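I have placed the structure first, in the form of structure tokens, so that the comments after it can refer back to it.
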Amino acid sequence: MEGRSRRQIILPIRFRDMVPGNLAELPLISPPPTPLPSETITIGGTPHMAASVDSPRNEFGLFRRYHSDTFPIHDPEEHVNLHSLTDTLTSTEEPQAPTTQQYGPFNNRSAFQLGEWFINDGAQKSKRSFRKLVDIVGSPSFSPADIRNTKWDRIHRLLGQNEDITTDSDQLEEGWEWMEEDAGWIRSDVSINVPFNRGMKNPGVREFIIRDFYHRSIVAVIREKLANSRDDALFHYEPYELFWQPDLAAHPGVRVQGELYTSPAFLAAHLKLQKSPPEPGCTLPRCIVGLQWASDSTHLTSYGNAKVWPCYLYFGNESKYRRCKPTANLCNHVAYFQIVSAISLRWAC
Amino acid sequence: MHAQLPDSFNDFILQYNGGRGASRALWTHCRRELYHAQWGIILDDEFLEAYLHGIVVMCCDGITRRFYPRIFTYTADYPEKYATQLLYVNLTDYF
């Protein structure tokens, strides 16, 4: 008798998984725009009469609808791949070997590794920390000769400073780029009016001044972002509505929410801007930069009360998946709110 | 509460209130004032100018565009929300 033939196992559809694909690319030539009746479309509570163009559907039935006569020239979705959205895949790009310049005040890699271990590995010694040290010293790239002439005290002193450093002439000669990270920070005094009521000894309003509020110019941060070619490719200048239409014939399409640049609020702001009168004599395309702020005060030490209260800025024109990806470096520090105690006081009456 | 005023603030109050400290209400008021004063500095005239008239930037694709910053979200935890909630309202009133 013939043996039973091996049964071919087919995974049921519900268990099949596939990697999410990109949105369909925008065609080079825009289809004729579909005029939409004003009463059917309301965005952010305001009806509008603009025409719209639909992109082709991708394998999941997702398509984009731009409220414009033509597709945008700059299509960030073209450049998206899994690597740009997640860190979990192993990176295909080899990290660049840093040059001497990139080790900051450390004169070479060996010195940097030791210094990094000393500073970042906590004050208490542990077995794990010891093993780390052994790994550093035992690695073939570590050379004891490199650190023989390292001036540790000087390095620690330099790392502790963060201001007026570029005015020092001998450091300027060495031209450390990393020091310029601090450039662009502004230090301001903040004044508040403190009311003293009639029941108090000296009624009236007095000014109280708090010094050393560190912050950055928001416009400078925006300009820096837009000039950054790495981020610019995936920066959405134009919002769109994302629709899901699994079956072309039977389904009118369901709105898909998820990104700020596909949200009704962004689209409403964009359309309001397009409808507003342009700057005199200006014919440049106008775009929205979506600012997303965040702040959370943070304890710096396990014991003690050293705290900072940073203010962060993200751009809503970028995908939330990229913003959540730490190695994309899309978070901008823009301010450190003043909270520390014992600040020098100056008051004016 | 997060927005602690510096210790010297307490001395400042003691000095003008005959050695008596600030009431809870005054502390709260001053913390909020300090927070909003700092936001007043962040959202400076340069930013308001950009908000109203845009900033012209030559993008990496070679096209020059005029960008208008708009504030969409503010993420903070529960205590910080108290300090923050008037911010957006104020800005939208302004324009």
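Just so we're clear, the structure is a prediction, and the values are computed from it rather than from any experiment.
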Is the ring pair [X]/[Y] parallel, tilted or perpendicular, if the boundaries are 30 and 60 degrees?
X        : Y        : value
A/Trp185 : A/Tyr336 : tilted
A/Tyr312 : A/Tyr314 : tilted
B/Phe67  : A/Tyr237 : tilted

* Asked: Under the 3.5 angstrom rule, does the side chain of A/Arg286 hit a backbone N or O of A/Ser276 as a donor-acceptor pair?
  -> yes

Output the option from [options] having the highest count of non-hydrogen pairs under 4.5 Å with chain B.
options                                : value
A/Ile186, A/Ile73, A/Leu260            : A/Leu260
A/Cys311, A/Gly316, A/Ala335, A/Cys282 : A/Cys282
A/Asn197, A/Leu313, A/Val194           : A/Val194

Could you tell me which portion of [X] (side chain, backbone, both or neither) has an atom closer than 4.5 angstrom to a non-hydrogen atom of chain A?
X       : answer
B/Ile13 : both
B/Asn17 : both
B/Ala37 : both

Notebook entry, point to check: Quick check: are there more than 12 heavy atoms from other residues, nucleotides or ligands sitting under 6.0 Å from CG of B/Leu14?
Noted result: yes

message: Are more than 12 heavy atoms, taken from residues, nucleotides or ligands other than A/Phe196, located less than 6.0 Å from that residue's CZ atom?
response: yes

Turns out that what part of A/Pro203 lies under 4.5 Å from chain B's heavy atoms comes down to neither

Bottom line for A/Asn193: the part with an atom under 4.5 Å from chain B's heavy atoms is backbone

Determine whether the side chains of [X] and [Y] contain a donor N or O and an acceptor N or O closer than 3.5 Å.
X        : Y        : answer
A/Glu77  : A/Tyr240 : yes
A/Glu241 : A/His67  : yes
B/Glu46  : A/Ser217 : yes

(request) Step through it carefully: locate the ring centre of A/Phe337, locate the ring centre of B/Tyr35, and say whether they are under 6.0 Å apart. (result) yes

Those residues of residues 223-232 of chain A that come under 4.5 Å of chain B on a heavy-atom basis, listed by number, are A/Arg223, A/Leu226, A/Ala227, A/Asn228, A/Ser229, A/Asp232

